[in-house]
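The block underneath contains the structure these notes are about, expressed in structure tokens.
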Amino acid sequence: LSASFPQSVEPLLSPTRLTRTSLVVPVRTKRRHFIPPAVSAKHLTPDEHKLKARAAGIVVPYEPPERPINLACTAGIFDPYVPPEGDARLSSLSKEGLKQRAEKLKQSAASQLAIPKVKEYDPDFSTKTFPEKAQEIFIEAHNCLTNFNKQKLHSLVTERCYPEMVRGNRYNTIRWSFVESLEPPRVVQIRCPTMVNKGNLYAQVTVRMHTRQTLAIYDRFGRLMYGGEQVPKDVLEYVVFERHLVNPYGSWRVHGKIVPAWAPPQDPIIKTVMVPGPVLDPSQEFDEIQYEIPKPKQTQWYK
Amino acid sequence: MAAQAVTGAGAAWARNLLSWARPERLLASCSISLLSNIQTRTYQQNVGRWEKKNRIVYPPQLPGEPRRPAEIFHCRRDIKYSKDKMWYLAKLIKGMSIDQALAQLEFNDKKGAKVIKEVLLEAQEMAVRNHNVEFKSNLHIADSFSGKGHYLKRIRYHGRGMFGIMEKVRCHYFVKLVEGPPPPPEAPQTGFDQAKEYVQQLRNRTIIHTL
């Protein structure tokens, strides 16, 4: 993260002051009180420059052109959580549903190992109380997004997540509201990755939230672009929260979301979009009936 | 730091050295930049008023309101062409749909036609990508005009040692695209309409200051 300049290229002095000798020549001229440096300049090689500077004892402080970069968040989600298939599909009364509900953190060993590491830096951390706080942060962040409160949003959302939330929305109006939470949120995974140095610990906690929300996005002219204001939707999300543990002023912030591969496709946007067609030879004709629009493969991705 | 290292003769000489031994000045001669001199701010040119019109955001419309048509403002600055010659082309395409305008400009022989065509294509692309316009052909040109750009002055040499000041002209071109079909052209006023107006004027006459 810091590039250092080669040591050989050092600042040099003009040698005029160093080589000025007081020559007393008996000539009837006006005594010059100030002789400009350029008059008696001698051209020396860089090595001779260095020697003269060292002889005169003039030292210029060496400032390597480094810029300190503060890493307040990690670049991605380390070891992303793979949600089990059909997580919220089964009703909690059936046997499979109960089994799923009984899936606790204890399954994942790495998460269990990470908990004491987190408690070392944040003694108030607990898997029982954290999900509620996390949900509050989540709701507050989305409210700031609707109100364009960028200052507060930066404190609730990491630097990696901020552009993803805000991109393309500069001239759009977003109306979002949180209706209710269908299931109590719970922690599903904890990881403690390190960045750059070994001691630089971050904690990433994935929280599973099953909630009902309404979303409506209006474009620059006030026309509805996506969603509906009176249409609440059930949403199952795996939100990752992060905190820079080593920093005493760090706080839990939204870092990203994990979208599982089996997630139902999102609603289409209201307007029609042109998709680039196949590349044809001049002799070929485009067969509209036979051609199928390619759909993207459903994989897990996190954003 | 320099004070510690000076071992030369004379405290006054050392103080003189200190006064001008500023690292920035020294390094400037050797073309190496200090950390403190690195400028990370980029200065933008002045954004014109026409470009700023693309930044206004309207409040969301209520469900009962008629759909507001999208308006896209685009311009190109300092085109090497005369504003008076550009005006003819701007007046030609004003009021046309964008497809018709592009067709007319493609087969026009003037130099400005090529430039305006590029500008229209850029604006169309911007509309679809950034301003939530659904169909790229569903745009018409509501407003198109040219303005004076920055002129340069040069000398034009005449005979007999006479000279004239030549102006290298440049112009700006502004266009406003609005979503929707182009408005129907105004029907020319017929004699019958004129007669109706005349009769109406006669009927509107009243006598003032009476009972």
Side-chain angles (χ1 to χ4, degrees), chain A residues 2 5-6 8-18 20 22 34 37-38 41 46 49-50 52-68 146 148 168-175 216-226 228-230 269-274, chain B residues 1-10 13-14 16-38 40 53-63 65-73 127-138 178-179:
Chain A
S2 62
F5 256 55
S8 57
V9 185
E10 268 185 40
L12 302 162
L13 296 164
S14 63
T16 54
R17 291 274 177 166
L18 307 165
R20 185 167 59 164
S22 52
F34 170 69
H49 265 288
K50 255 194 266 181
K52 295 236 185 266
R54 215 181 293 166
I58 292 163
V59 178
V60 176
Y62 173 65
E63 271 180 43
E66 288 175 4
R67 303 210 67 198
T146 49
F148 303 115
N169 290 335
R170 198 199 276 217
Y171 303 113
N172 293 349
T173 332
I174 303 177
R175 292 234 173 117
I217 305 181
Y218 297 91
D219 68 352
R220 221 188 98 207
F221 305 100
R223 313 181 298 197
L224 188 62
M225 227 160 77
Y226 183 79
E229 241 177 296
Q230 313 299 332
I269 48 173
I270 291 174
K271 72 168 188 174
T272 54
V273 177
M274 271 173 58
Chain B
M1 262 181 84
Q4 291 166 4
V6 162
T7 50
W13 189 52
N16 273 342
L17 282 169
L18 276 176
S19 63
W20 63 268
R22 259 169 276 136
E24 302 99 65
R25 285 274 189 85
L26 300 167
L27 295 178
S29 57
C30 312
S31 67
I32 300 163
S33 50
L34 263 189
L35 193 68
S36 46
N37 290 346
I38 295 172
T40 46
K53 284 181 196 258
N54 267 335
R55 297 186 192 175
I56 48 170
V57 180
Y58 293 92
Q61 283 186 302
L62 304 163
E65 276 179 46
R67 193 177 157 93
R68 191 181 280 128
E71 289 178 351
I72 297 98
F73 298 86
V128 171
R129 202 183 296 172
N130 301 343
H131 296 101
N132 195 31
V133 164
E134 201 167 342
F135 303 110
K136 65 176 191 178
S137 300
N138 197 23
V178 172
E179 207 177 0

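Naming: A, B, ... by sequence-line order, numbering from 1 per chain.
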If I measure from the heavy atoms of chain A, does [X] come under 4.5 Å with its side chain, its backbone, both, or neither?
X: B/L62; result: neither
X: B/P63; result: neither
X: B/N130; result: neither

Closest contact, heavy atoms only, B/F135 versus A/T272: CE2-OG1, 3.3 Å

Salt bridge check, B/E134 against A/R223: does any charged N sit closer than 4.0 Å to a carboxylate O? no

Only one of A/I269, A/I270, A/I217, A/D219 clears side-chain contact (heavy atoms from CB on, under 4.5 Å) with B/N132; which? A/D219

Spatial distance of atom OH (B/Y58) from atom OG1 (A/T173) [nearest 0.5 Å]: 12.5 Å

With rounding to the nearest 0.5 Å, note down the distance linking CZ in A/F221 to CD in B/Q61. 10.5 Å

Check the surroundings of atom NZ in A/K271: do more than 12 heavy atoms from other residues, nucleotides or ligands lie under 6.0 Å from it? yes

Around atom CZ of B/R68, are there more than 12 heavy atoms from other residues, nucleotides or ligands closer than 6.0 Å? yes

Determine whether a donor-acceptor pair (N or O, by modelled atom type, separation under 3.5 Å) exists between the side chain of A/R220 and the backbone of B/H131. no

